[in-house]
Amino acid sequence: MKHSIFFIVLLSICFCCTESVKTSSNQSENTSADTSENDMQTKAEFAIIIHGGAGTILKKNMTPEKELAYKAKLEEAIRVGYEILKNGGTSLDAVQKTINVMEDSPLFNAGKGAVFTNAETNELDASIMDGKTLNAGASAGTITVRNPINLARIIMDKSPHVMMAGVGADTYAKEQGLSIVEPSYFYTEHRFNALKRAMEREQIELDHDDKQAFYDPEIKDSKFGTVGCAALDKNGNLAAGTSTGGMTNKRYGRVGDAPIIGAGTYANNNSCAVSSTGWGEYFIRSMVAHDISALMQYKGLTLQEAAREVIHTKVPALGGDGGIVAVDKNGIMVAEFNTAGMYRATMNDKGELTIGIYKE
Ligand code: ASP
């Protein structure tokens with residue numbers, strides 16, 4: 001009797017174990033089948049999206065030649081990153097090299113075309129972030145570094161720091177052998193004239209109220225052209241970067257959102273990579289780039305939903321404006337802005353190119 005009870009108990013234990021192993025193996029089979037099916041449907045091999053600044057960019061203020069020039073430069077820039085990604089390069093390299101093209105063009109408010117400060121100087125900001133490691137690099141207020149995004153990258157890769165500013169950042173760039181230029185390299189007539197207009201306006205209309213002058217809508221609109229890029233590479237790694245001269249007529253020493261990790265730039269392989277452009281003070285206060293990532297990670301929003309929430313609700317509620325470009329871990333790309341326009345372009349793994357300027 002004792003033996004037969006023992007035998008029955010043993011049998012039932014064995015049965016239970018087999019069932020539970022079966023169930024769990026079924027579950028894992030189902031999960032992986034679902035995932036790979038989803039992957040096949042939605043996961044792109046790689047993707048790249050760029051912006052060249054957001055603001056009151058209206059067709060009526062644009063000549064056909066100017067429009068063509070912007071489109072050509074956006075295409076030239078994004079194709080550089082696309083080739084890197086297509087050939088199996090990293091998203092970090094794609095972001096950096098794409099931004100270099102726009103930094104070397106006087107069309108954009110970054111590198112060569114940087115806007116002027118109130119002291120008639122050019123002070124440049126940039127940042128880059130690696131979504132795989134969450135490493136980041138940023139530089140603020142440099143005056144001699146030809147390509148600030150390269151300095152941000154080298155700060156990330158070679159220094160123990162995340163952010164360097166002012167004279168120290170310029171010195172570090174020189175020590176690291178980056179291309180150094182005379183401050184006069186950043187002089188462009190159209191940016192200098194924009195500063196003069198902003199200063200005259202400030203003088204006439206706003207007397208001595210510094211803060212108000214900076215917040216004047218017309219003055220802040222002479223800033224277009226910050227550049228940024230977000231990319232996903234074939235290894236599933238996300239990266240983002242942003243480079244800017246800041247805002248016309250900014251006070252010397254002012255730092256915007258572009259070099260602030262979480263505001264101007266953010267990348268995380270678990271969510272997305274984001275580059276911002278717009279009125280920096282509001283983008284810092286809203287932590288725009290990180291907020292989009294956090295809404296995806298903690299609230300389960302899609303990239304599109306998260307970007308809409310931040311750009312159309314959160315930032316305007318404070319009084320700010322601007323936009324973002326972003327890509328998620330599946331290669332879904334989003335360009336969202338609450339201004340009249342934003343220079344932008346995308347390329348997917350099929351080599352399809354889109355370019356936009358206005359609201360379409
Ligand atoms: N966000 C930049 C800044 O505030 C300017 C811009 O994107 O247009 O410095």
Side-chain angles (χ1 to χ4, degrees), residues 49-57 70 74 99 102-103 105 107-111 113-118 121-128 138-143 148-149 152 163 165 186 190-191 194-195 198 211 213-230 240-266 274-292 310-311 315-316 318-326 335-344 357:
I49 183 164
I50 61 175
H51 70 76
T56 316
I57 308 165
Y70 273 106
L74 287 168
I99 287 180
M102 293 189 280
E103 283 179 331
S105 162
L107 288 176
F108 300 98
N109 171 19
V115 298
F116 281 85
T117 70
N118 185 258
T121 57
N122 307 94
E123 298 180 0
L124 288 77
D125 301 335
S127 65
I128 194 162
S139 63
T142 57
I143 57 170
I149 196 72
M163 186 181 218
F186 298 107
H190 70 294
R191 296 294 188 200
L195 172 69
K211 188 163 164 136
F214 183 71
Y215 281 73
D216 178 273
E218 290 225 357
I219 291 173
K220 71 148 173 90
D221 263 344
S222 50
K223 71 173 174 5
F224 313 131
T226 290
V227 305
C229 178
T242 311
S243 182
T244 188
M247 292 174 78
T248 300
N249 200 31
K250 67 182 183 182
R251 298 318 185 245
Y252 49 81
R254 178 263 188 186
V255 174
D257 59 316
I260 309 289
I261 297 301
T265 299
Y266 194 73
V274 184
S275 171
S276 311
T277 173
W279 202 340
E281 277 65 20
Y282 293 97
F283 276 58
I284 294 173
R285 290 165 58 202
S286 305
M287 273 286 122
V288 165
H290 180 263
D291 211 42
I292 291 171
V310 175
I311 294 301
V315 172
L318 291 180
D321 62 3
I324 59 99
V325 294
E336 205 64 55
F337 51 100
N338 61 28
T339 47
M342 179 168 77
Y343 299 108
R344 59 197 186 278
I357 297 181

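Start at 1 and go down the list; that is how both ligands and their atoms are numbered. We count residues from 1, following the sequence as given. Since we're looking at a predicted model, the values are computed, not measured.
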Practice item. Over 60° means perpendicular and under 30° means parallel, so classify the ring planes of Y343 and Y70, tilted if in between. Key: parallel
Check your understanding: If we only count heavy atoms from C-beta on, is the F337 to H51 side-chain gap below 4.5 Å?
Key -> no
Exercise for review: Before signing off on this row, confirm whether T244 and ligand 1 have an N or O atom pair separated by under 3.5 Å.
Suggested key: no
Review point. Looking at I143 and F186, what are the two nearest heavy atoms and their distance?
Key: O-CE1, 3.4 Å
**Study point:** Polar proximity ligand 1 side, G278 side, N/O cut 3.5 Å exclusive
**Key:** yes
Practice item. Answer yes when R254 and E123 have at least one side-chain N-carboxylate O distance shorter than 4.0 Å, and no when they do not. Key: no
Point to revise | Side-chain donor or acceptor of S275 paired with backbone N/O of V227 under 3.5 Å | key: no
**Study point:** ligand 1-proximal atoms of R254, by part, heavy-atom distance under 4.0 Å
**Key:** side chain
Study note, to complete from the structure: For T277, the ligand 1 atoms with a heavy-atom partner under 4.0 Å come out as 6 (C), 7 (O), 8 (O)
Check your understanding: Going by the order shown, which atoms of ligand 1 are within less than 4.0 Å of some heavy atom of T226?
Key -> 2 (C), 5 (C), 6 (C), 7 (O), 8 (O)
Point to revise | Contact check: G246 vs ligand 1, nitrogen or oxygen atoms, below 3.5 angstrom | key: no
